[in-house]
Amino acid sequence: MNGAQIADTPIAVDFWNIRKASQARLFFLSHMHSDHTVGLSSTWNQPIYCSPITGQILHLRLKVAERWIHPLEVGESHVLPMDEIGKETVTVTLIDANHCPGSVMFLFEGYFGVILYTGDFRYNLNMQQEPALKNSKLINILYLDTTNCHPERILPSRQEATEKIKDLIRAHPDHLVKIGTYTLGKESLLVQLAQEFGTWIVVSPRKLELMILLGLENVFRTEEEAGWIHVVDFSEICQANMISWNKRHPTIAILPTSRPVKINHPDAHVIPYSDHSSFQELLEFVAWLKPCSIIPVVKTSVCQKYFKQYLSSENRSPEESKLPESVKRFMHLPSKKQERPSKILKLASYCHVPRGVLFEDSQDAELSQESCPEPLKKSLPYSQRRRSGYSCSGKQKIKPQNLEDQSGHFPMQSVVTSTTHQLKTSIADQFSKYQTTVTSKPSLEVVVKTSCSISDNNDQLCQVGLEDCVPSASLHPGQNDVNYTCGSQKDMPFQPASSPGGLLQKYDFSPLNSSKCWSLQTFDQQVENYIKREKAQMHKIEQTCTQDKNS
């Protein structure tokens with residue numbers, strides 16, 4: 001990843017790791033090569049400043065929403081705010097980087113002085129005529145592309161490398177030509193080859209889409225038989241493919257790159273065609289610019305020692321380089337990505353989750369013993385579940401309780417006990433309210449009815465959903481007559497609490513303000529163990545009833 005957040009500023013260039021650049025608020029993209037877009041995707045939701053061409057490719061390839069792309073004209077100066085009140089600003093000028101379509105250098109001017117960020121660039125003498133650079137400005141910091149910062153690496157100019165490629169193709173008149181490129185770059189080379197040899201350049205449909213976007217000459221086709229110069233991905237130039245291509249037709253492959261590449265095939269040729277400045281060009285560029293300090297863009301390259309003699313001896317930082325308070329506040333404001341977790345939590349309260357202890361709004365609290373099961377089957381809004389309690393013990397109406405008791409605590413705090421207290425309450429006690437008798441039927445059918453109440457008694461909780469009935473622990477295998485009776489006429493067949501929509505999935509026994517994870521790891525495990533024991537006991541009862549019936 002080649003990018004950086006500029007120290008003591010909210011500016012980040014080609015740097016999309018929000019965690020590492022948490023104080024960045026102004027994001028700049030120099031060009032669309034993949035090593036400069038690591039971390040950038042369609043989910044990005046902050047403004048990006050770049051050249052118009054880069055902005056179009058960014059939307060086409062990474063699907064970044066257009067509302068986040070802010071193209072800036074190349075060669076013009078633009079003023080951007082560096083705080084939320086507009087007190088501090090930065091002047092940024094985009095300069096053609098001579099690297100790939102849309103690539104630019106950024107010249108920043110502000111309270112920090114003057115900073116030039118080259119990104120990836122290929123230096124030429126025309127850059128000395130740039131109005132933003134030829135005014136002999138003192139560059140306090142130069143972020144320099146050091147890809148080819150190796151004295152032993154001698155590179156020709158791109159025009160010289162193009163002539164070598166042409167000579168190689170002329171030397172193989174009866175061969176197909178495979179040229180390895182990356183997604184973006186070498187477009188000017190391909191156009192020159194098409195014009196030189198009078199042939200269509202065959203590219204993939206995806207590549208053709210990019211060529212049309214860039215507005216290049218109409219020399220590209222997708223039909224394989226249209227021309228004899230084919231553009232393939234750089235990684236496709238390998239020994240296995242070379243053997244396969246030559247079996248069908250004599251083929252040569254060309255890799256236009258300055259990077260060291262090893263391919264063990266006589267028909268694969270590496271030509272040092274580079275879109276990065278050569279070592280000698282870097283020396284010329286630094287000697288002309290005379291910056292105060294240099295920071296390599298390529299993190300693995302340490303080459304400041306080669307440029308020490310060309311650095312300016314003037315003050316390395318301006319007098320007003322202290323970070324302004326308004327900018328400091330701006331850098332510490334929460335970003336949009338930092339605000340997302342709270343929004344997610346807010347939306348999660350409306351999702352279907354285990355409901356915990358249910359509380360009904362006081363205005364709907366007219367419940368009788370017969371109608372008690374119905375409200376419990378419905379999930380109340382979160383705001384209503386927290387305000388008042390259920391009471392199903394009788395037919396009389398419930399009067400709304402005061403929101404605050406005499407001790408100054410809310411009813412929810414007094415009724416809902418802690419998770420530790422709930423764990424201490426045994427499961428058998430929770431179901432001791434069930435009144436059960438047994439009767440013999442052709443098929444065993446367990447019917448449960450209960451009455452529950454939530455009042456000021458802190459020691460009791462109504463935590464059992466009536467649609468998820470669990471047999472009482474008071475059953476004995478020796479009983480011959482089985483009859484489960486309740487105070488209601490509505491009978492419900494027995495369902496294990498672990499079944500879909502059962503007790504464990506529909507109810508969370510932890511308080512509303514405690515962690516659900518704790519409840520799932522501890523309390524629910526105890527419930528599951530209890531249910532397993534009860535199911536085993538019920539199986540014994542069913543066997544006993546069957547034996548009695550057969551006898």
Side-chain angles (χ1 to χ4, degrees), residues 1-5 12-17 21 27-42 44 48-64 68-69 71-72 74 94-106 116-124 143-149 155 158 161 179-191 203-204 206-211 213-216 231-237 255-261 270-278 281-282 295-301:
M1 179 178 65
N2 295 326
Q5 179 182 3
V13 184
D14 298 341
F15 197 83
W16 315 103
N17 191 324
F27 294 89
F28 295 84
L29 176 60
S30 64
H31 64 290
M32 272 297 295
H33 277 165
S34 59
D35 56 335
H36 293 256
T37 60
V38 176
L40 187 57
S41 66
S42 60
W44 186 264
I48 299 175
Y49 300 96
C50 57
S51 67
I53 294 178
T54 297
Q56 295 179 41
I57 303 175
L58 176 62
H59 178 64
L60 174 67
R61 287 289 179 256
L62 298 185
K63 308 302 180 184
V64 174
W68 303 120
I69 301 174
L72 304 177
V74 180
L94 280 63
I95 303 171
D96 186 5
N98 193 31
H99 175 66
C100 69
S103 62
V104 294
M105 300 185 287
F106 294 107
L116 178 62
Y117 196 102
T118 66
D120 290 349
F121 85 118
R122 183 78 193 251
Y123 170 74
N124 58 32
Y143 285 83
L144 184 64
D145 172 20
T146 53
T147 300
N148 293 324
C149 190
L155 296 177
R158 284 189 293 196
I179 299 181
T181 67
Y182 296 110
T183 303
L184 182 66
K186 310 295 191 296
E187 287 80 11
S188 60
L189 168 64
L190 300 176
V191 172
V203 297
S204 65
R206 179 180 174 85
K207 189 90 170 177
L208 179 61
E209 183 183 26
L210 180 61
M211 300 301 182
L213 176 66
L214 297 176
L216 298 178
V231 178
V232 297
D233 189 82
F234 196 92
S235 61
E236 293 186 47
I237 307 296
L255 290 171
T257 180
S258 62
R259 298 178 180 179
V261 180
V270 179
I271 304 297
Y273 181 106
S274 180
D275 290 323
H276 297 268
S277 301
S278 65
E281 290 168 344
L282 291 176
I295 299 177
V297 171
V298 182
K299 305 299 186 298
T300 58
S301 177

Colleague: Contact between Leu282 and Cys149 at the side-chain level, heavy atoms closer than 4.5 Å - yes or no?
Modeller: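 Answer yes - side chains close enough.
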Colleague: With side chains defined as the heavy atoms from C-beta onward, is the minimum distance between Ile179 and Pro256 less than 4.5 Å?
Modeller: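 Sidechains of Pro256 and Ile179: in contact.
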Colleague: Report yes if the side chains of Trp16 and Leu29 come closer than 4.5 Å at any heavy-atom pair, otherwise no.
Modeller: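 They are in side-chain contact.
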Colleague: Test side chain to side chain contact (heavy atoms under 4.5 Å, CB included) on Ile69 and Cys50 and set out the steps.
Modeller: CA-CA 8 Å; Ile69 301 174; Cys50 57; 4.1 Å; yes
Colleague: What's the spacing between Leu214 CG and Glu209 CD if we round to 0.5 Å?
Modeller: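 Between Leu214 CG and Glu209 CD, I get 11.0 Å after rounding to 0.5 Å.
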Colleague: Which heavy atom of Ser258 sits nearest to which heavy atom of Leu155, and what is that distance?
Modeller: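 Minimum heavy-atom separation between Ser258 and Leu155: CB-CD2, 3.6 Å.
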Colleague: Check whether any side-chain N or O of Thr118 sits under 3.5 Å from a backbone N or O of Asp145 as a donor-acceptor pair, and report yes or no.
Modeller: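 Yes, because the side chain of Thr118 sits within donor-acceptor range (under 3.5 Å) of the backbone of Asp145.
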Colleague: Please list, chain by chain and in numerical order, all residues satisfying salt bridge (charged side-chain N to carboxylate O under 4.0 Å, His left out) with Lys207, sequence neighbours excluded.
Modeller: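 Salt bridge (charged side-chain N to carboxylate O under 4.0 Å, His left out) list for Lys207, sorted by chain: empty.
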Colleague: I need the minimum non-hydrogen distance between Asp96 and Asn98, along with the two atoms involved.
Modeller: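 Scanning both residues, the minimum pair turns out to be OD1-N, 3.1 Å.
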Colleague: So do Phe121 and Leu144 actually touch side chain to side chain, heavy atoms under 4.5 Å?
Modeller: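 Yes; the side chains approach each other to less than 4.5 Å.
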Colleague: Quick one: closest heavy-atom pair of Ile271 and Ala161, and the distance?
Modeller: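 Minimum heavy-atom contact is CG2-O, 3.8 Å.
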Colleague: In Å and rounded to the nearest 0.5 Å, what is the CG to CD1 distance from Leu72 to Ile48?
Modeller: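 Answer for the CG-CD1 pair, Leu72 versus Ile48, is 12.0 Å.
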Colleague: Just how far is it from atom OH of Tyr182 to atom OG of Ser34, taken to the nearest 0.5 Å?
Modeller: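 Here the interatomic distance stands at 8.5 Å.
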Colleague: Please report whether the ring centroid of Phe106 lies less than 6.0 Å from that of Tyr117.
Modeller: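 For Tyr117 and Phe106, the ring centres are not under 6.0 Å apart.
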Colleague: With sequence neighbours left out, write down each residue that passes ring pair (Phe, Tyr, Trp, His ring centres under 6.0 Å) with Tyr49, or none if nothing qualifies.
Modeller: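 Partners of Tyr49 by the ring pair (Phe, Tyr, Trp, His ring centres under 6.0 Å) criterion, ordered by chain and then number, come out as Phe28, His70.
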Colleague: Within the 4.5 Å heavy-atom criterion, are Phe27 and Leu40 side-chain neighbours or not?
Modeller: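 No. Closest side-chain heavy atoms not under 4.5 Å.
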Colleague: Which pair of heavy atoms, one from Tyr123 and one from Ser277, lies closest together, and at what distance?
Modeller: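 The pair with the smallest heavy-atom distance is N-OG, 2.9 Å.
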Colleague: Pro296 and Thr146: which non-hydrogen atoms are nearest, and at how many Å?
Modeller: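 Taking Pro296 first and Thr146 second, the nearest heavy atoms are CB-OG1, 3.6 Å.
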Colleague: Step through it carefully: locate the ring centre of Trp44, locate the ring centre of Trp68, and say whether they are under 6.0 Å apart.
Modeller: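 Trp44 vs Trp68: aromatic centres not under 6.0 Å.
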Colleague: Under 3.5 Å, is there a donor-acceptor pair between the Asp14 and Ser30 side chains?
Modeller: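 Judged by distance alone, the side chains do pair up.
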Colleague: With sequence neighbours left out, write down each residue that passes salt bridge (charged side-chain N to carboxylate O under 4.0 Å, His left out) with Glu281, or none if nothing qualifies.
Modeller: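 Applying salt bridge (charged side-chain N to carboxylate O under 4.0 Å, His left out) to Glu281 gives Arg122.
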Colleague: Just so I know, are the side chains of Leu190 and Leu216 near enough to count as touching, which here means a heavy-atom distance under 4.5 Å?
Modeller: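 They are not in side-chain contact.
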Colleague: Please find the pair of heavy atoms, one from Tyr143 and one from Ala4, that lie closest to each other, and give the distance.
Modeller: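 That closest heavy-atom pairing would be CE2-CB, 4.1 Å.
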Colleague: Starting at CD1 of Ile237, measure out to OG1 of Thr257 and round the result to the nearest 0.5 Å.
Modeller: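 Here the interatomic distance stands at 12.5 Å.
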Colleague: Taking only distance into account, with no hydrogens and no angle test, what donor-acceptor pairs under 3.5 Å do side-chain atoms of residues 55-62 form with protein atoms, sequence neighbours excluded?
Modeller:
unit_1	atom_1	unit_2	atom_2	d
His59	ND1	Val64	O	2.9
Arg61	NH2	Arg206	O	2.8

Colleague: In chain order, what residues pass the ring pair (Phe, Tyr, Trp, His ring centres under 6.0 Å) check against His276, with sequence neighbours excluded?
Modeller: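 For His276, the residues satisfying ring pair (Phe, Tyr, Trp, His ring centres under 6.0 Å) (neighbours in sequence not counted) are His99.
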Colleague: Any side-chain to backbone donor/acceptor pair from Thr54 onto Met32? Under 3.5 Å, distance only.
Modeller: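 Not at all, since once roles are kept as given, no pair shorter than 3.5 Å links the two residues.
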Colleague: Among Val38, Thr37, Val297, Thr147, whose side-chain contact (heavy atoms from CB on, under 4.5 Å) with Asn2 holds?
Modeller: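 Passing option: Val297.
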Colleague: Is the backbone of Gly185 close enough, under 3.5 Å, to the side chain of Glu187 for a donor and an acceptor to pair up by distance?
Modeller: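 The answer is yes, because a donor-acceptor pair under 3.5 Å joins these two groups.
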Colleague: Considering residues at least two apart in sequence or located in another chain, which fulfil the salt bridge (charged side-chain N to carboxylate O under 4.0 Å, His left out) criterion with Asp275?
Modeller: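 Per chain and number, Asp275 pairs via salt bridge (charged side-chain N to carboxylate O under 4.0 Å, His left out) with Arg158, Lys186.
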